[in-house]
Amino acid sequence: MPEGHTLHRLALDLSAAFGGRRVSVSSPQGRFADEAALLDGTVLVDAQSWGKHLFVQLDDGSADGAFVHVHLGLIGTFAVHASVDVVPPPVGQVRLRLARSAPDGSAYADLRGAITCALVTADQRAAVVERSGPDPLRPDAEPDRAWQRIHRSRKPVGALLMDQGVLAGVGNVYRAEVLFRHGVAPMTAGRRLPRVRWNAMWDDLRDLMQIGVERGRIDTVRPEHEPEAMGREPRADDHGGEVYVYRRDGLPCLVCGTEIRRRVVAGRNLFWCPSCQQRG
DNA sequence: CGGTTATGGTCAT
DNA sequence: TGACCCTAACCGC
């Protein structure tokens, strides 16, 4: 379930559960075993995220600290159990386990299926951050950096939104939904997108993704189009919360009734309403 | 049980 | 553009 909001939520949860505490680090599955042994018993400083990259900082005694770089990819999960009586034995393929035990309660977190789980230096971490575009969830983000790339590009805005070097943290759900909410035709070239539109899309992404952090799911439907307001059933599956177009191809648009379309853009299925989304 | 799909990304061609 | 990586859920047989 990993778009940028998932990683920010994870950073908050990991920091709350383990920050400033001594942790046991292990790799039950074995693929991170050597690195885990080096980190076992160190103090977890905190966790932070940039776009879809997560960095867990541990105090290994070195000047710059050590970082576990995690990227969940498409199918990875990092489940944080912040308050348990006893840390249970691992089940299935657990690449990385963080755990701590205390009289007032124990905690553990299991990483599975991640595309990246690596021990990196502060410099390596900085390089990843530098390669990334601005992340709407970070207060210090500069949306103008993304605009400079977008307004010079002939590529469709539907592809640019997925480029993590242009903008970091947006994935396939937020891409489709922000285009819908701003009435933008997905194949519009970046250079044809008015600046006012980009400004509004950025502000909207920041707000939507913040809601995603708080709720742990992606909801993008405005109050007047919510199920209760329209007398329709809530979304049947829980993949993305309440959305306008994501994975709704073949179904009627919630606003105008036109059939939602699907097309592969930038290697992923993009969903849109051809009637509501006609502007640049 | 096998095939398909998935909120992602890299590398080779 | 396609192969591939990682894991889990779901579907049809």
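Convention: sequence-line order gives letters A, B, ...; per-chain numbering from 1.
Counting to the nearest Å, the C1' atom of B:dA6 and the CZ atom of A:Arg248 are 19 Å from each other. Atom CG of A:Leu161 is separated from atom P of B:dT7 by 15 Å (rounded to the nearest Å). In this structure, A:His53 atom NE2 and B:dT10 atom C1' are separated by 12 Å, rounded to whole Å. Summarising the geometry, the separation between CZ on A:Arg247 and P on B:dT7 is reported as 6 Å, rounded to the nearest angstrom. The CG-P distance, from A:Asp249 to B:dT5, rounds to 12 Å in whole Å.
For the salt bridge (charged side-chain N to carboxylate O under 4.0 Å, His left out) test, residues two or more places apart in sequence or in another chain that qualify with A:Arg97 are A:Asp110. Partners of A:Phe180 according to the ring pair (Phe, Tyr, Trp, His ring centres under 6.0 Å) rule, which considers only residues two or more places apart in sequence or in another chain, are A:Tyr244. Partners of A:Asp60 by salt bridge (charged side-chain N to carboxylate O under 4.0 Å, His left out), not counting sequence neighbours: none found. Residues satisfying the ring pair (Phe, Tyr, Trp, His ring centres under 6.0 Å) test with A:Phe271, not counting sequence neighbours, are A:Tyr246.
Taking side-chain N and O atoms only, A:His71 has no distance below 4.0 Å to OP1 or OP2 of B:dG8. Distances shorter than 4.0 Å separate some side-chain N or O of A:Lys52 from OP1 or OP2 on B:dG9. OP1 or OP2 of B:dT7 has at least one side-chain nitrogen or oxygen of A:Tyr246 nearer than 4.0 Å.
Atoms CG and OG, on A:Leu44 and A:Ser15 in that order, are 7.0 Å from each other to the nearest 0.5 Å.
For the P atom pair drawn from B:dT4 and C:dC4, the interatomic distance equals 15 Å after rounding to whole Å. Rounded to a whole angstrom, the distance from the P atom of C:dC5 to that of B:dC1 is 22 Å. When the P atom is compared between B:dT5 and C:dC13, the two are found 15 Å apart, to the nearest whole Å.
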Sub-3.5 Å pairs of nitrogen or oxygen atoms, protein against nucleotides 4-8 of chain C:
| residue | atom | partner | partner atom | Å |
| --- | --- | --- | --- | --- |
| C:dC6 | OP1 | A:Arg31 | NH1 | 3.2 |
| C:dT7 | OP1 | A:Gln29 | NE2 | 3.1 |
| C:dA8 | OP1 | A:Arg112 | NE | 3.1 |

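Interface residues of residues 261-274 of chain A facing DNA chain C, ordered by number: none; criterion, heavy-atom separation under 4.0 Å.
A salt bridge between A:Asp249 and A:Arg261 is absent, with no side-chain N of the basic residue lying under 4.0 Å from a carboxylate O of the acidic one.
Using modelled atom types, no side-chain atom of A:Thr188 and backbone atom of A:Val184 make a donor-acceptor pair closer than 3.5 Å.
Cation-pi geometry between A:Arg125 and A:Phe67 is satisfied (NZ or CZ under 6.0 Å from the ring centre, within 45° of the ring normal).
For the pair A:Val68 and A:Leu58, the minimum side-chain heavy-atom distance is below 4.5 Å.
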